[in-house]
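For reference, the structure is listed below as C-alpha cells.
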Amino acid sequence: MDEVDAIFKRAIDALNDAEFNFSYERYNVSINRSYYAVFYASKALLLKKGVETKRHSENLRKFGFEYVVNDNFDAKIAKILSILVEDRTRVDYDFQFDVVKIQAKEALENAEQFIKECEKFL
C-alpha cells in the first residue's frame, strides 16, 4: 500500500469512527472524527500530486488551489472542509459549545459526501 492509499484508508477509518460515535450519541467526538475524515482525504489527494502540508490551514488552502481551482473538484463540496474545520475547533476547544444531534448528523453527512467526491480523484 502506498502512502496515498494509507492516508485515504485513515480517512475511511475516521469516517467509520464518526459513524460509530454518532450512533452512541457522542456527538462531539463524531464531529471531530468527521473533520479528520475530510482532512485525511484531502491530504491524500494533495500527496497524490506531490504536495505535502504541515498545518491544517495550509492543507485547506492548498487543497482549494490544487483541486478546486486547477482540477474541477466541486467547490460546494470542497467548502465542507472549511466548515468542518470550524466545527471541529468549536467542539475541541470551546467547552461552552453544546453539540446537538442535528449538527453532528450534518457533519457526518458532509464528511461522507466529501469522501465520495475525493474517490473520483484517486
query: When you look at CG of Asn72, are more than 12 heavy atoms from neighbouring residues, nucleotides or ligands closer to it than 6.0 Å?
result: no

- prompt: Around Lys79, counting heavy atoms of other residues, nucleotides and ligands shown, do more than 12 lie under 6.0 Å from its NZ?
  reply: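 Counting neighbours around NZ of Lys79, 12 or fewer heavy atoms of other residues, nucleotides or ligands fall under 6.0 Å, so no.
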
Connected-component partners of Tyr93 among ILVMFWY, side-chain separation under 4.5 Å: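 Other cluster members: none.
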
- prompt: Cluster partners of Ile102, using ILVMFWY side-chain heavy atoms under 4.5 angstrom, listed by chain and number?
  reply: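 Val100, all in the cluster of Ile102.
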
- prompt: With no hydrogens and no angle check, is any side-chain donor or acceptor of Ser42 less than 3.5 Å from a backbone partner on Val38?
  reply: yes

field: Asn32 (side chain) donor-acceptor with Asn28 (main chain) under 3.5 angstrom
entry: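 The answer is no, because no donor-acceptor pair under 3.5 Å joins these two groups.
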
Can you hop from [X] to [Y] via hydrophobic side chains spaced under 4.5 Å?
| X | Y | result |
| --- | --- | --- |
| Phe39 | Leu122 | yes |
| Phe20 | Val29 | no |
| Ile83 | Leu60 | no |

With sequence neighbours left out, write down each residue that passes side chain to side chain donor-acceptor pair (under 3.5 Å) with [X], or none if nothing qualifies.
| X | answer |
| --- | --- |
| Lys9 | Asp13 |
| Glu58 | Lys62 |
| Tyr35 | His56 |

Would you mind reporting whether [Y] and [X] have side-chain heavy atoms less than 4.5 Å apart?
| X | Y | answer |
| --- | --- | --- |
| Leu108 | Glu19 | yes |
| Arg10 | Lys43 | no |
| Glu52 | Leu47 | yes |

query: Which residues satisfy the ring pair (Phe, Tyr, Trp, His ring centres under 6.0 Å) test with Phe73, sequence neighbours excluded?
result: Phe63, Phe114, Phe121

Once side chain to side chain contact (heavy atoms under 4.5 Å, CB included) is applied, do any residues pair with [X], and if so which ones, sequence neighbours excluded?
| X | answer |
| --- | --- |
| Ile12 | Phe8, Asn16, Ile115, Glu119 |
| Asp74 | Lys76, Ile77, Glu117 |
| Ser57 | Arg55 |
| Ala14 | Arg33, Tyr36, Ala37, Tyr40 |

- prompt: Who are the salt bridge (Lys or Arg N to Asp or Glu O under 4.0 Å) partners of Asp92, not counting sequence neighbours?
  reply: Arg88

Distance, nearest 0.5 Å, that separates CG of Asn110 from OG of Ser34: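 Interatomic distance, Asn110 CG to Ser34 OG, rounded to 0.5 Å: 8.5 Å.
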
- prompt: Could you state the interatomic distance from CZ (Arg61) to OG (Ser82), rounded to the nearest 0.5 Å?
  reply: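 So the CZ of Arg61 and the OG of Ser82 are separated by 14.0 Å.
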
Could you tell me which non-hydrogen atom of [X] sits nearest to which non-hydrogen atom of [Y], and how far apart they are?
| X | Y | result |
| --- | --- | --- |
| Ala107 | Ile31 | CB-CG1, 3.9 Å |
| Ala41 | Cys118 | CB-SG, 3.9 Å |
| Ser30 | Asn21 | N-CB, 4.0 Å |

message: With side-chain contact (heavy atoms from CB on, under 4.5 Å) as the test, pick out the partner of Tyr67 among Asp71, Val69, Asn70.
response: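 Option passing the side-chain contact (heavy atoms from CB on, under 4.5 Å) with Tyr67: Asp71.
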
message: Under the criterion side chain to side chain contact (heavy atoms under 4.5 Å, CB included), I'd like the reasoning laid out for Leu84 against Ile80: C-alpha separation, chi angles, the key distance, then a yes or no.
response: CA-CA 6 Å; Leu84 285 175; Ile80 289 169; 3.8 Å; yes

- prompt: What's the verdict on side chain to side chain contact (heavy atoms under 4.5 Å, CB included) for Asn59 and Leu81, showing C-alpha distance, side-chain angles and the deciding distance?
  reply: CA-CA 10 Å; Asn59 187 77; Leu81 181 56; 4.2 Å; yes

- prompt: Any salt bridge (charged side-chain N to carboxylate O under 4.0 Å, His left out) pairs touching residues 93-108, not counting sequence neighbours?
  reply: Lys105-Glu109

